[in-house]
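Each remark here refers to the structure printed beneath this line.
For clarity, every value in this text was computed on a predicted model and none was experimentally measured. Sequence lines set the chain letters: A, B, ... in the order given, protein chains first and strands last, and positions in each chain run from 1.
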4 protein chains.
Amino acid sequence: MDDRSLSDQPISTGLQEPSDLQLTDKQWNILDAALAVFTEKGFSAATTSEIARQAGVSEGTIFRHFKTKKDILLAMLVPLIRNTMGPKSVNSLTQMIVKNENLPLREVLLMIALERQEFLTDNQALLRLILTEAQYHPELREVIIGEVAYKSQEQLIRLIEQRQQKGEIRQDLPAWVLVRSFFGMVVVYMLSRVMLTKREAGKDNREEILKIIDLFLNGAAMEK
Amino acid sequence: MDDRSLSDQPISTGLQEPSDLQLTDKQWNILDAALAVFTEKGFSAATTSEIARQAGVSEGTIFRHFKTKKDILLAMLVPLIRNTMGPKSVNSLTQMIVKNENLPLREVLLMIALERQEFLTDNQALLRLILTEAQYHPELREVIIGEVAYKSQEQLIRLIEQRQQKGEIRQDLPAWVLVRSFFGMVVVYMLSRVMLTKREAGKDNREEILKIIDLFLNGAAMEK
Amino acid sequence: MDDRSLSDQPISTGLQEPSDLQLTDKQWNILDAALAVFTEKGFSAATTSEIARQAGVSEGTIFRHFKTKKDILLAMLVPLIRNTMGPKSVNSLTQMIVKNENLPLREVLLMIALERQEFLTDNQALLRLILTEAQYHPELREVIIGEVAYKSQEQLIRLIEQRQQKGEIRQDLPAWVLVRSFFGMVVVYMLSRVMLTKREAGKDNREEILKIIDLFLNGAAMEK
Amino acid sequence: MDDRSLSDQPISTGLQEPSDLQLTDKQWNILDAALAVFTEKGFSAATTSEIARQAGVSEGTIFRHFKTKKDILLAMLVPLIRNTMGPKSVNSLTQMIVKNENLPLREVLLMIALERQEFLTDNQALLRLILTEAQYHPELREVIIGEVAYKSQEQLIRLIEQRQQKGEIRQDLPAWVLVRSFFGMVVVYMLSRVMLTKREAGKDNREEILKIIDLFLNGAAMEK
DNA sequence: CATGAATGAGTGTTCATTCAT
DNA sequence: GATGAATGAACACTCATTCAT
């Protein structure tokens, strides 16, 4: 599975409908090529000529549609985040939370974790690009925080508060502490899995995730 | 607070003693300037001419001391990680763990978290550079994993296993799950604090960290 | 007489028809300038910036057409040798030999010598460049030997063997000894003429060449 | 046999006696290294730092003794030619001519050719350097012509005229035509031997040279 | 006198951007 | 609108030459 092509990536479906964003076929070709080249080399080491070649257009054409190289990056990433990655993340969270209001929290957290894991695996290269370039392009940083981080956190906070009201969850800790902690536990586990191991991606790690959820719910201390 | 200059950064103290690494004053100047420029622009977008200007030397001088631009990066980062960042992290962990064997775990975890927080705050820009460039330079990746990540994790695992034997900590979860989870909770909290807020760095957040530790030890679930 | 510009040089007529070699005007300009600069300074001391200036193009343009400086040299010299210098030499020899089968050898040798002299005079600077750079570029060396030296020698051997069969020429010496010797006599005479004297090129030296041919045919020894 | 080191080369013996030329040990080291580097890379592609390294001195020292890189070249080549190569060539010719006044010309020419061949073989790289750089440095050109070419030719002319007076050699051709022709025959034979073949240097080619001398003396034409 | 670190102009080469066609 | 040749400033890197020690 090639996670470098917008057309093959789950995340890119939003862009496949050009009318959505008033993008012509040609512009879409360019952004698709840009995604591939930027993710492989990084923004700075990528060249517009390679993007042009991969897009099957001339270099001149690129600059007819996008004023600068930076514009290509932002024109590609910002809508991707705003229209696809953000909504997709938020909606899937919302649905899982709403649909499963009566499921044990443990089950819901597992679903969320597995879904996040799939997302991270499928979009590894893209996420790496986004996080790297966010350092140098504040526009990007703001979109990520505003459209993905903040909104996702909101949904998780909703979940936690829901369960706090139900009495399933401690009420003496602010919801955001619980949310960020859970997120941190899961993400660090996933990253270490991706970075440190060569285990094939398919291997089922549901058991390991369940251990983390158990830890989150019941704590590390010996039960009194 | 300028966290871009080696001379102002705690982490760089190891390098400030040139004899340690056989670095001349001039070489040190260059690496100091390189840190500033690489940190600001990233490796690829940084130019040797700007490094030269900031170091107050000619461009030729840079290449008398370092064969390529990439060599500058690695000559700066690898010793920094290997000789300073790594040992510093590992030793402070080791000491805190050994010295406080009889302190409640909660206290030890607080000390560790606060110390990590200080480290992260003081070396923010440097850490960002290291993690970004680790993507493109496997040498760097290996040093980080080998000299910092792996060794630090080992110390924390020692701590957890010590407390498991004492019966303070559950024994039905592998130590590494506990370690990575705690690490994830704390780091994501700190990162969100750094990225999302404008609160001045000085503000005491001991209370918040204690909440996270409470969560880690006692879990999110309502006590039965 | 400017023997440094392709456009003024007989040898370059083949290149002046760009279609022959798929060379655009601009590429031809660059190669023309390259010939001038390489000839004047030698390959190593010539700079691409001077070639650009003389070609009336920007330095970037040069590298759009030729990947490296060495490529410029070879793109200029190899076709010149292969398509122009080589065929021209070989064909004119062949024609002189075939057309004048019944002329006395003395007359044929004179024609050949005069033609070689004209060639050498017209292409002095170019020949000097080729022979100099052949030391450092084996590709060039091979082309010269294969396309000019070997093929020209073959024609002369044909002539000699033809005359040996007719009984005009001694048969107790191998043809190649006769050929290389004649060639050596003539070339050294011409080089010394070019290098050592200030006589204008136009001066008729037919008498002197005839003496050399006489020597070649009849030997230096007093007739018995 | 390393023909790149002055100390191993017949030609360099003249320079081994520093007092001859007021050269200190250090200067001699530099020139020795310069010879090696210049012959390998050519003047332009050679670097002063490599010369310094091979000479075992610092780069600064080089420029204390020789104002510019070009000065090194000329300081090395000009005395080499003037004091060693020239005299050696001329003297050996003179001796062979004077000592063997009564030997058949054929024998004398053979001795001369063999001696020239040895010289050329022993000093191949040096000769290539000299001829190449003579193009760009008129000082060099003048020394070669004045100290070697002209003086050597004079000796050969003396030989020829001696034999003309004895009635061994035709008197209807100017001596210089005979000399240059003989020289051309022999040199082109030797060059083609060096350039075109891989036969080991040691192989005896006395027979082939004798054929050339036979040709020179008796001519190519069938004897009437 | 010797050193070698420092220099800075210059090298071949790249690349984002422009613009005539 | 699309092209791709042309640009020229910038790039990483080199090297003959200088000069403080």
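B:Lys41 places its NZ atom 16 Å from the C1' atom of F:dA12, with the value rounded to the nearest Å. One atom, NZ of A:Lys67, and another, C1' of E:dT18, lie 13 Å apart when rounded to the nearest Å. With rounding to whole Å, C:Lys69 atom NZ is found 12 Å from E:dG10 atom C1'. B:Ile30 has its CD1 atom 10 Å from the C1' atom of E:dA6, to the nearest Å. The distance from atom CD of A:Glu59 to atom P of F:dT7 is 15 Å, rounded to the nearest whole Å. Remark: P of E:dT17 and CD1 of A:Ile51 are 11 Å apart, rounded to the nearest angstrom. Atom NZ of B:Lys70 and atom P of F:dC11 are 20 Å apart (whole Å). Rounded to whole Å, atom C1' of E:dT7 lies 17 Å from atom CZ of B:Arg53.
Between atom OG1 of residue B:Thr24 and atom CH2 of residue B:Trp28 there is a gap of 11.5 Å, rounded to the nearest 0.5 Å. Atom-to-atom distance recorded for B:Ile144:CD1 and B:Glu139:CD is 11.0 Å, nearest 0.5 angstrom.
Screening D:Arg53, D:Glu59, D:Lys69 for a side chain to side chain donor-acceptor pair (under 3.5 Å) involving D:Thr48 leaves a single residue, D:Glu59. Each of B:Val143, B:Leu126, B:Ile130 was compared with B:Leu80 under the side-chain contact (heavy atoms from CB on, under 4.5 Å) criterion, and only B:Leu126 meets it.
Using a 4.0 Å heavy-atom cutoff across all strands shown, B:Ala45 reaches no nucleic acid atom at all. Within the 4.0 angstrom heavy-atom criterion, no nucleotide atom of any strand lies near B:Ala52.
Partner assigned to E:dC15 is F:dG8, using Watson-Crick or G-U wobble distances below 3.5 angstrom. In this structure, F:dT21 and E:dA2 make a Watson-Crick or G-U wobble pair, each of the two defining distances being under 3.5 angstrom.
Below 30°, between 30° and 60°, or above 60°: for C:Phe43 and C:His137 the angle between ring planes is above 60°, a perpendicular geometry.
Remark: A:Arg64 is in phosphate contact with F:dG1, judged by side-chain N or O atoms under 4.0 Å from OP1 or OP2. When the side-chain nitrogen and oxygen atoms of A:His65 are compared with OP1 and OP2 of F:dA2, one or more of them lie within a distance under 4.0 Å. OP1 or OP2 of F:dA6 sits under 4.0 Å from a side-chain N or O of C:Lys26.
In this structure, the nucleotide among F:dA16, E:dG8, E:dT18 sitting nearest to the side chain of A:Phe63 is E:dT18.
Mapping B:Ser44 and D:Thr61 onto DNA chain F by nearest heavy atom places B:Ser44 at the nucleotide closer to the 5' end. The 5' end of DNA chain F is approached more closely, in terms of each residue's nearest nucleotide, by C:Ser58 than by the other of C:Ser58 and B:Ala46. For the pair B:Gly60 and C:Thr48, nearest-nucleotide mapping onto DNA chain E gives the more 5' position to B:Gly60. Both A:Thr47 and B:Ile62 sit near DNA chain E, but only B:Ile62 has its closest nucleotide nearer the 5' end.
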